[in-house]
Amino acid sequence: LMLLYPPEEVMIYLIDFKYGLDFRIYTQYNLPNFRTISINNDPEFALAMLQNLEKEQEERSSRMGSRYQKISEYNGANPKCRMNRILLVVDELYELVKQAPDEVQKNILGKLDSFAHQTRAFGIHMVICGQDLDKIENFATIKNQCTTRLALHCEDEQVRELMGEEGIARMHMIDATDQ
């Protein structure tokens, strides 16, 4: 995305809850597409990021009003005042909520659930990654809003939870080295 789109088109928020193992490299460069990169394991910081993103959603909702149903409609009608798309990437969501105090965990999951249901129209999109997502209470409501799902190197039970029985059947058709 960084190579294809300037920051005016796409901004990226990264939350990595494995002490930044996967996203740390992005902090070494001045990458204009990144709004925030969280590489610490502080659930309160992650929640603050999500609260800022929620404020962004509210501002976009006000700008679009009832006149526009999608960001593309708004941008088409307002070429000089376009809104960029935002991509939120959360890596190791289960670790994040497992380590968070109960109230923080509830708020994080509530915000993600709200984003999953409401933000696409406003140009805010999510990628949620992690293992053991099926262990997160009420994750099914978030999962059901995700139109695209990938299960990489998973046990059958996790694939079943994520993609249903047909996902397991498809997975077993793949060569064992590719599963």
Side-chain angles (χ1 to χ4, degrees), residues 1-2 7 10-31 33-63 71 83-164 167:
L1 289 174
M2 293 182 301
V10 177
M11 289 301 295
I12 303 169
Y13 289 71
L14 299 177
I15 299 175
D16 185 352
F17 227 73
K18 290 185 299 189
Y19 294 99
L21 294 177
D22 291 331
F23 297 156
R24 185 175 306 279
I25 191 163
Y26 298 118
T27 64
Q28 299 173 17
Y29 305 98
N30 183 18
L31 301 170
N33 290 77
F34 288 98
R35 175 75 46 92
T36 305
I37 303 172
S38 170
I39 58 170
N40 64 46
N41 276 29
D42 182 1
E44 285 83 6
F45 184 79
L47 178 58
M49 281 181 63
L50 296 175
Q51 289 168 332
N52 285 336
L53 205 49
E54 184 177 51
K55 287 178 189 168
E56 177 69 26
Q57 173 194 346
E58 291 166 1
E59 289 173 20
R60 287 170 178 239
S61 176
S62 292
R63 284 174 63 182
I71 189 174
M83 289 186 275
N84 58 11
R85 294 199 178 263
I86 294 174
L87 178 64
L88 167 64
V89 180
V90 181
D91 194 14
E92 294 300 337
L93 177 61
Y94 176 68
E95 290 299 317
L96 170 60
V97 297
K98 182 173 80 171
Q99 294 179 29
D102 288 346
E103 192 62 31
V104 173
Q105 178 188 102
K106 180 181 170 188
N107 284 324
I108 288 171
L109 291 174
K111 301 242 180 286
L112 292 177
D113 184 57
S114 175
F115 293 162
H117 283 84
Q118 299 176 14
T119 60
R120 287 187 303 265
F122 303 114
I124 301 173
H125 308 276
M126 292 190 309
V127 175
I128 298 176
C129 311
Q131 300 169 12
D132 301 320
L133 295 175
D134 56 317
K135 293 180 182 176
I136 298 174
E137 189 175 326
N138 298 324
F139 183 71
T141 60
I142 296 171
K143 175 190 76 172
N144 291 337
Q145 291 297 315
C146 298
T147 56
T148 304
R149 301 180 205 151
L150 298 172
L152 304 174
H153 198 68
C154 295
E155 298 295 326
D156 284 359
E157 194 53 43
Q158 288 180 325
V159 174
R160 181 178 290 111
E161 179 67 31
L162 187 63
M163 305 173 95

Sidechain N-carboxylate O distance under 4.0 Å for Glu95, Lys98: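 Yes, this pair counts.
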
Check ion pair Arg63-Glu59 (N to O, under 4.0 angstrom):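 Here Arg63 does not pair with Glu59 in a salt bridge, since their nearest N and O are not under 4.0 Å apart.
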
What I'd like to find out is whether the side chain of [X] reaches to under 4.5 Å of the side chain of [Y], using heavy atoms alone.
X	Y	result
Asn33	Leu87	no
Tyr13	Asn52	no
Thr119	Leu88	no

Could you measure the distance from the [atom1] atom of [X] to the [atom2] atom of [Y]? Nearest 0.5 Å is fine.
X	Y	atom1	atom2	result
Ile108	Ile15	CD1	CD1	7.5 Å
Ile124	Leu53	CD1	CG	4.5 Å
Ile128	Glu92	CD1	CD	12.5 Å
Met11	Met2	CE	CE	11.5 Å
Ile12	His125	CD1	NE2	12.0 Å
Lys111	Met49	NZ	CE	14.0 Å

Heavy-atom pair with the smallest gap, counting every atom of [X] and [Y]:
X	Y	value
Phe122	Gln57	CD1-CG, 3.8 Å
Thr141	His117	O-CE1, 3.8 Å
Pro101	Glu44	CG-OE2, 3.7 Å
Pro43	Leu96	CA-CD1, 3.9 Å

side-chain contact (heavy atoms from CB on, under 4.5 Å) against Ala116, all qualifying residues, sequence neighbours excluded: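 Applying side-chain contact (heavy atoms from CB on, under 4.5 Å) to Ala116 gives Met126, Ile142, Gln145.
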
Listed partners of Asn107 passing side-chain contact (heavy atoms from CB on, under 4.5 Å), at least two apart: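 Per chain and number, Asn107 pairs via side-chain contact (heavy atoms from CB on, under 4.5 Å) with Leu47, Glu103.
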
Side chain Asp16, main chain Asp91, donor-acceptor under 3.5 Å: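 Here the side-chain-to-backbone pair does not exist.
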
Neighbour count above 12 (heavy atom, 6.0 Å) for Glu58 CD: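 Yes, CD of Glu58 has more than 12 neighbouring heavy atoms, counting only those of other groups under 6.0 Å.
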
